[in-house]
Amino acid sequence: MKIMVCVKQVIDISMPFEVDPATNTVKWEVAELHLLNPADGWAVQRAVQLKDELKDGTVTAVSLGQERVVKALRECLSLGADAAIRIDNSSLGVPLDAFGTALVLSRYIDRLRPDLVFCGAASADIGSRSVGPMLAEVLGLPHVSDVVDFRVESGHGLVAERQLSRGDRESVWCPLPALLTLVATGCSRYVSLPMLMRAMRATVQTLDLKELGLGGPQDSHGLNATRLEKVSPPRPRPRKIYMPDSNLPPEERLRLLLAGGPRRRQPTNTLEGTPEELADGAINFMRQLRIL
Amino acid sequence: MTGEIWALAEQDQGVLSEAAQEVLTEGKKLASKLRAKICAVLLGHQVGHLVEHLAGSGAATVYLAEHPILHAYSPDAYASVLASAVRKHRPQMVLMGNTPLGRDLAATLAGRLRVGLVSGCTFINVDSSNQVHMIRPVFAGKASASYAYLSPRPWLATLRTGFTLVDQPTIGRAAETIGIDVDEPEVRSRTRSLGVTKGGLAQMDLADADIVVAGGRGAGRPEGFRLIEELAGVLGGKVGGTRYAVDAGWIPRDQQIGVSGKAVAPMLYIACGISGAVHHVEGIRESRAIMAINEDRAAPIFKIADLGIVGDLHEVVPAIIARLKKGLSAPVSR
C-alpha cells in the first residue's frame with residue numbers, strides 16, 4: 001500500500017504576538033517558532049501504523065514551503081515515514097491559499113499514484129479545513145473528511161468513522177484509492193533515539209515548481225483562488241442583537257434596547273448556609289432551569 | 001451587482017437545521033447590500049415541505065433537488081448536483097453554514113468548479129465600490145483576516161453559525177420554486193454512508209456540551225478535581241478548568257476554558273472554586289446560566305453568576321452529588 005501524507009509546518013500560535021494596525025501584519029514578540037501541524041503528525045502516525053499492520057507499503061510525507069519546512073519533514077521521518085519531499089514554492093513570490101496548495105500538491109501526488117492520501121483535518125494556524133476535499137477533487141479521488149478512525153477492508157475499500165457535531169459519528173464506506181482528512185485523536189508517539197538519528201541523516205528531496213510543470217509567470221497569481229488582503233486585531237465576538245417587538249410602546253422599546261433585551265442576566269442570587277442547605281439551593285436552581 | 005446569492009438550506013431527515021436559517025438570514029442581508037436576489041438551495045429526499053418555510057424566511061427563489069441518492073449526505077452526489085445547478089443558473093455567490101456538512105461540501109464544490117472558497121467567515125464586508133471582503137478569525141481567534149476572491153464566480157463561503165438572530169418566517173409568503181434535475185448516470189456517489197451513531201458524552205467536544213462543570217485553584221489538589229468530575233458524571237456534563245488547573249496538571253490542556261483555551265456556551269455552567277478572572281470569564285460569558293461555588297464571597301465570579309453559593313466546594317459538591325444520587329423524587333423546595 002502506497003500512502004502519501006500531506007503535512008504543513010505551522011507557526012506556534014501559543015507564542016505571544018500582536019497585530020500591527022498600521023501595516024496590517026502580525027508582529028511576533030519573540031522569534032517565531034514553527035511546528036509540524038499536530039493533525040498532520042497524527043496522520044503520519046496513522047499511516048505508519050497502517051503500513052505496519054499490512055506489513056507492506058511505503059509512507060511518503062510531502063510539504064510545500066521554504067527551506068525551514070525540512071524540519072517538519074524530518075519530524076515525519078522520525079515518526080516512521082519512509083521518505084519526505086519538499087516542494088519549493090518560493091519562486092511564486094506569494095503564499096499559496098488552500099486552492100493553490102491543493103493544485104500544487106496534486107501535480108506531485110498524481111505522478112506517484114498512491115493508494116491512500118492522508119491530510120490533517122485542520123491546520124492549527126489558519127484552519128480552513130478545505131485543502132483535503134479540494135485536493136481529492138483535483139486528483140479525482142473519493143474522500144472522507146474529519147475521520148477519527150478507519151479500517152481498510154480487503155485492499156480495495158475502507159470504512160471510516162467521520163466526526164459530526166455533538167459527538168455524533170457517521171460510518172462511511174469508501175473505495176480505494178481515496179483521500180482521508182484525519183482529526184487528531186491521540187498525541188504524538190514516543191520517538192526513539194535511533195529513529196531520530198535516522199531522520200536526521202535522511203535526505204529530504206526538494207522539487208521546484210518547474211519540475212512539476214508549474215511556476216511560469218502566469219502562475220504567480222493563477223494558482224490562488226483567494227487573496228489575503230490584511231490581518232487585523234480580532235473583531236469582537238459577534239453578539240446576538242435584541243430587536244424589540246414593534247407593537248410595544250416607544251418608551252418600552254427604548255428601555256428594552258438599552259437593557260439589551262429582556263433575557264438580561266438577573267442579579268446574582270447568593271446563598272449561604274450549611275452544605276446541605278446550599279445543595280438544596282443548587283438542586284432547586286437546576287430544576288428551575290429544567291435540567292433536572 | 002445583480003444576480004443571485006445562494007444559501008444552502010441544510011436539512012437532516014426533513015428538518016431544517018439551525019445553520020440553514022442563519023445562512024439564509026445572513027445571505028438576505030448580503031443580497032440587499034449587493035442588490036442581488038436571495039435564493040435558497042434545498043437538496044435531499046422528500047424535503048419539498050420545507051420550501052414553504054424557506055419562502056417564509058425570505059427566499060425569493062427556492063432551488064429544489066429531490067432524489068433518493070440525496071437522502072444521506074455524500075460529497076460526490078451533493079457536489080455534482082450543485083455543480084450542474086451552478087453552471088446552469090450562474091449565481092454570484094454560494095453560502096453555506098460552517099458545519100461538518102457545509103465545510104466538506106463547500107471545499108468539494110470549490111475543487112470541482114475550481115473557484116475560490118473562504119471558510120469559517122464571521123462577517124462579510126461590502127465596501128463602497130460593492131466589493132466583498134470576507135472576514136474570518138485566524139490564529140485561533142487571536143487575529144482576524146480579510147480575504148478577497150481572485151477566481152471566476154461563483155464565489156463560495158462557509159459562515160460560522162450561532163451568532164445570527166434568525167428572522168421569524170412570515171407565513172404564507174410565496175417563492176418561485178425551480179427544480180434541479182438529478183441526472184442519474186452522472187450523479188453517483190463513490191462513498192456510501194453506513195449510518196450515523198448518536199454521540200455519547202465521551203466523544204462530545206467541551207464546546208458542544210449542555211452542562212459544563214469546571215474547577216479552578218479552589219479545588220486545591222488533584223483529589224478536589226475528582227469531585228468535580230464526579231458531579232459532571234452525575235449530571236451528564238463535561239469537565240473543564242481554568243488555566244491554573246491545567247498548569248497544575250489536574251486536567252489536560254484541551255479542557256482549558258478561557259481566553260487561552262476554549263469558549264463554551266452551555267445551558268448550565270458550574271464554576272467550582274473559580275475566582276472569576278477576566279481571562280476565564282471571557283470564555284464562559286455566553287453560557288445560558290452560571291452557578292458558582294466559592295468560599296470567598298467577594299470573588300468576582302459572583303458578579304456574573306446567576307446563582308452564587310458561598311461555601312467550600314469540598315463540602316458543597318459532595319452534598320449536591322449525594323442529593324442527586326439519592327434520587328430526585330424527594331421535593332427539596334422549602
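Each chain gets a letter, A, B and so on, in the order its sequence line appears, and its residues count up from 1.
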Does any backbone or side-chain atom of [X] lie under 4.5 Å from a heavy atom of chain B? Answer side chain, backbone, both or neither.
X: A/Leu164; result: both
X: A/Ala102; result: neither
X: A/Asp125; result: both
X: A/Leu103; result: side chain
X: A/Leu179; result: neither
X: A/Val148; result: neither

Side-chain heavy-atom pair [X], [Y] within 4.5 angstrom cut-off:
X: A/Pro95; Y: A/Leu228; value: no
X: B/Glu26; Y: B/Ile124; value: no
X: B/Ser144; Y: B/Pro137; value: no
X: B/Asn294; Y: B/Val310; value: no
X: A/His143; Y: B/Thr108; value: yes

Determine the option with the most heavy-atom pairs under 4.5 angstrom with chain B, choosing from [options].
options: A/Gly273, A/Gly281, A/Ser130, A/Ser123; value: A/Ser130
options: A/Lys230, A/Arg169, A/Met134; value: A/Arg169
options: A/Met286, A/Glu170, A/Gln163; value: A/Glu170

Heavy-atom closest pair, residues A/Pro233 and A/Val19: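 Result for this residue pair: N-CG1, 3.6 Å.
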Report the option among [options] that has the most heavy-atom pairs separated by less than 4.5 Å from atoms of chain A.
options: B/Ile270, B/Asp312, B/Val138; answer: B/Val138
options: B/Arg136, B/Arg190, B/Arg112, B/Arg103; answer: B/Arg190
options: B/Arg192, B/Met291, B/Met267, B/Met134; answer: B/Arg192
options: B/Lys142, B/Arg297, B/His133; answer: B/Lys142
options: B/Ser119, B/Gly120, B/Gly195, B/Ala145; answer: B/Gly195
options: B/Thr197, B/Leu117, B/Val316, B/Ile320; answer: B/Thr197

Compute whether any side-chain donor of one residue and acceptor of the other, for B/Ser74 and B/Ser189, lie under 3.5 angstrom apart.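 There is such a pair between these side chains.
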Non-hydrogen atoms of chain A under 4.5 Å away: do they reach the side chain of [X], the backbone, both or neither?
X: B/Arg114; answer: both
X: B/Leu235; answer: side chain
X: B/Leu105; answer: neither

Measure up the A/Phe17 and B/Phe139 rings against each other and bin them: parallel (under 30°), tilted (30 to 60°), perpendicular (over 60°).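 Aromatic pair A/Phe17/B/Phe139 classed perpendicular.
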Do the side chains of A/Arg129 and B/Asp104 get close enough for a salt bridge, i.e. N-O under 4.0 angstrom?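 Salt bridge: no.
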About how many Å separate CD of A/Glu161 and OG of A/Ser171, when rounded to the nearest 0.5 Å?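 A/Ser171 OG to A/Glu161 CD: 4.5 Å, rounded to 0.5 Å.
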Nearest-0.5 Å distance that lies between atom CZ in A/Arg162 and atom CG in A/Asp168: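 Atom-to-atom, A/Arg162:CZ and A/Asp168:CG are 11.5 Å apart.
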